[in-house]
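Working notes, beginning with the structure itself.
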Amino acid sequence: MADTKREIERKYEATDATRLPDLSRVAGVGRVEKRGVTELDAVYYDTADLRLASHSLTLRRRTGGADEGWHLKFPVATGIRDELHEPLADTLPPSFAALLRSRLRHTEPVPVVRLLSSRDVQHLNDPDGTLLAEVSVDTVCAERLAGEGTGTTATWTEIEVELADDGDPAFLGAVEKRLRKAGVRPSESPSKLARALAETAPAPKKRAKPKAEDPQTAGDHVLTYVRKQIRTIVDLDPAVRRDLPDSVHKMRVATRRLRSAFKTYRRILDREVTDPVGAELKWLAGELGVDRDQEVLDKRLGDRTEALPGTLVLGPVRGRLKVWSAARRTGSRRRITDVLDGKRYLALLDTLDALSADPPLRPAASRAPAKELPRAVLKDYKKLARRMDHALEHPPGPERDAAMHEARKAAKRARYAGDAARPALGKPAKRFAKRVKAVQSVLGDHQDSVVAREALRTLAIEAHAAGETTFTWGLLYGHEEATADAREHELPEVWARASDPVLRADLKH
């Protein structure tokens, strides 16, 4: 696994007349230590169409400096990136190739820009000698290596202030205040690569003034939502491979949202095209959920156990939970990586790209969103209403549990439909989605209690067979029964708010 560092920095413009002010006067600085000048030679890689740059990703091979090697940077927030490092090698490290696979697919990255930088470094230390930030003045010469503008060069000087590991981000604000007083201004470019690409690109050709855009159609809104989910899947691919928190769950949600949109907006997108894609999205969501569901269950049972007074935890409860969970795990990290590296997944990404570029629009796509989108949302609502009526007419028991689970799936789809329509329909769609989400939450907690009770029964049987007391397992089972009962009593009131006729009428106006 590549070494990872959270990079928090700010960049500033510099000219020949620019001089760094005395940074020892910045609050918290005890000493400014000059570290000398380092020569850096970096080649940046991308596809011919600059696919990585369009996603604000940076891939480079750099010699010189203490961290020479391959670097891959992922944006986290403005001025914050995760930088991954692999040792210097002639070819792209396999770990980086895997992290970029969702973007690169079948394309090999090629050198696009070379940057030669002369870096003059200073360290800002606190009175105890602990590093607070590194300040560098970089004199840069950039050369375009591929595409339009090949051979074009550009030069500039910039100032970088990078926060030390585990440093307080507020310190960067104090440094910036001092720099601004000296006339130094923040850079307009987020990175050296972005500036190099901009300054070595051919001058844009004059174009005729674009005509006023036509009013957005229902198809425009649905496609915007669909493309957002596609991009989310692609963007989350490397996060899943890196096992970042909640990344698998978020990617799974994006696949579900996309599949739901295909079903909800069948009058806008041709189902003969989207149904097969939806089937592949269902497969992907299933693969991503193999251990996610177990993870959720583990946390629920673990939290329930920890909430009990110690006097009520009898026998090796925690140990049995741990062993039981491990036995049900499927080696998810390896399994998920194999899925993301597989031909089926990459073919799905290619299919989604093709669908985004050439969407299978139906005649209804050209209609006004205020007419077409409410129709689709209310259709999903009616399906939810039928399932809710079916669930509420059953007495407590397995049949009601199953009916409530089906209602939960319908609630999720109706909520997603409202979310997709929100940019076009505004507050009515927002209110609708919020009310339906509340229904989904109640139904979801009820279903989680059903699954938890099944697991607790299994654990109790195993404990009994091993000669252990089953007292705690029965106690936990009772807590889950009480939770399910509470959700069942709560549901009618929550559903009444979501089924308010005024709420649905607002969607039509």
Side-chain angles (χ1 to χ4, degrees), residues 246 248-249 252-253 256 286 288-330 332 384 387-388 390-412 415 436-496 498:
D246 214 29
V248 172
H249 173 63
R252 191 183 185 194
V253 168
R256 286 174 166 174
L288 293 171
V290 168
D291 274 357
R292 169 64 185 177
D293 292 340
Q294 183 63 36
E295 179 185 336
V296 172
L297 179 57
D298 288 348
K299 186 176 188 309
R300 187 180 184 97
L301 297 183
D303 289 348
R304 291 284 198 197
T305 302
E306 293 302 319
L308 292 175
T311 55
L312 299 183
V313 181
L314 306 182
V317 173
R318 294 181 180 85
R320 179 162 292 282
L321 267 176
K322 186 175 181 179
V323 171
W324 173 80
S325 174
R328 290 170 60 89
R329 294 276 175 168
T330 60
S332 63
L384 169 60
R387 292 192 180 182
M388 283 297 303
H390 181 62
L392 293 174
E393 71 184 12
H394 283 291
E399 289 188 3
R400 171 178 270 200
D401 292 345
M404 289 178 70
H405 182 44
E406 291 302 310
R408 173 186 177 230
K409 290 188 282 188
K412 186 177 295 186
R415 170 197 165 193
V436 174
K437 181 180 179 181
V439 175
Q440 178 194 330
S441 296
V442 171
L443 292 169
D445 195 31
H446 181 276
Q447 175 61 18
D448 288 346
S449 78
V450 172
V451 175
R453 277 178 280 156
E454 292 175 357
L456 288 166
R457 184 175 182 277
T458 298
L459 284 160
I461 291 172
E462 292 178 357
H464 177 74
E468 300 164 8
T469 176
T470 60
F471 171 83
T472 301
W473 302 116
L475 186 62
L476 292 172
Y477 191 99
H479 284 180
E480 288 295 351
E481 277 190 321
T483 295
D485 184 65
R487 297 293 85 78
E488 289 178 16
H489 280 84
E490 181 183 2
L491 184 59
E493 181 179 349
V494 175
W495 171 238

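Between E454 and R457, no side-chain nitrogen of the basic residue sits less than 4.0 Å from a carboxylate oxygen of the acidic one, so the salt-bridge criterion is not met. A salt bridge does not link E480 to R453: none of the charged side-chain nitrogens sits closer than 4.0 Å to a carboxylate oxygen. Salt bridge status for D445 with R300: present, with a side-chain N to carboxylate O gap under 4.0 Å. Looking at D293 and R252, a side-chain N of the basic residue comes within less than 4.0 Å of a carboxylate O on the acidic one, giving a salt bridge.
The two residues A452 and L301 have their closest heavy-atom pair at CB-CD2, 4.1 Å. The two residues A498 and V439 make their nearest non-hydrogen contact at CB-CG2, 3.7 Å. Summarising the geometry of M388 relative to A407, their closest heavy-atom pair is SD-CB, 3.8 Å, with the distance given to 0.1 Å. The minimum heavy-atom distance linking H489 with D485 is given by the pair ND1-O, 2.8 Å.
The shortest side-chain heavy-atom distance between L308 and L476 falls under the 4.5 Å cut-off. In this structure, the side chains of L384 and W495 come closer than 4.5 Å at one or more pairs of heavy atoms.
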Which donor-acceptor pairs under 3.5 Å do the side chains of residues 460-468 make with protein atoms, sequence neighbours left out?
| unit_1 | atom_1 | unit_2 | atom_2 | d |
| --- | --- | --- | --- | --- |
| E468 | OE1 | R320 | NE | 2.9 |
| E468 | OE2 | R320 | NH2 | 2.9 |

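H390 is linked by a side chain to side chain donor-acceptor pair (under 3.5 Å) to E393, H394, counting only residues two or more places apart in sequence or in another chain. Considering only residues two or more places apart in sequence or on other chains, P492 meets the side-chain contact (heavy atoms from CB on, under 4.5 Å) condition with L392.
The side chain to side chain contact (heavy atoms under 4.5 Å, CB included) test with E406 is passed by exactly one of R408, M404, K409: K409. Among E488, R487, E490, the one residue that satisfies the side-chain hydrogen bond (donor to acceptor under 3.5 Å, both in side chains) test with H446 is E488. Looking at V317, L475, T472 one by one, the single match for side chain to side chain contact (heavy atoms under 4.5 Å, CB included) with T305 turns out to be V317.
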TODO: Determine, step by step, whether R318 and V313 satisfy the side chain to side chain contact (heavy atoms under 4.5 Å, CB included) criterion, reporting the C-alpha distance in whole Å, the side-chain angles of both residues, the deciding distance to 0.1 Å, and the verdict.
DONE: CA-CA 9 Å; R318 294 181 180 85; V313 181; 3.7 Å; yes
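The NE2 atom of H479 lies 13.5 Å from the OG atom of S449; values are rounded to the nearest 0.5 Å. Rounding to the nearest 0.5 angstrom, the gap separating the CG atom in L297 from the CH2 atom in W324 is 4.0 Å. From T458, atom OG1 reaches atom CH2 of W473 across 11.0 Å, with rounding to the nearest 0.5 Å.
R415 and Q440 are linked by a side-chain donor-acceptor pair at a separation below 3.5 angstrom, with hydrogens and angles left out of the test.
Within 6.0 Å of CD in E399 there are 12 or fewer heavy atoms belonging to other residues, nucleotides or ligands. Summarising the local packing, NZ of K412 is surrounded by more than 12 heavy atoms from other residues, nucleotides or ligands at distances under 6.0 Å.
Not a single donor-acceptor pair under 3.5 Å links the side chain of S325 to the backbone N or O of L321.
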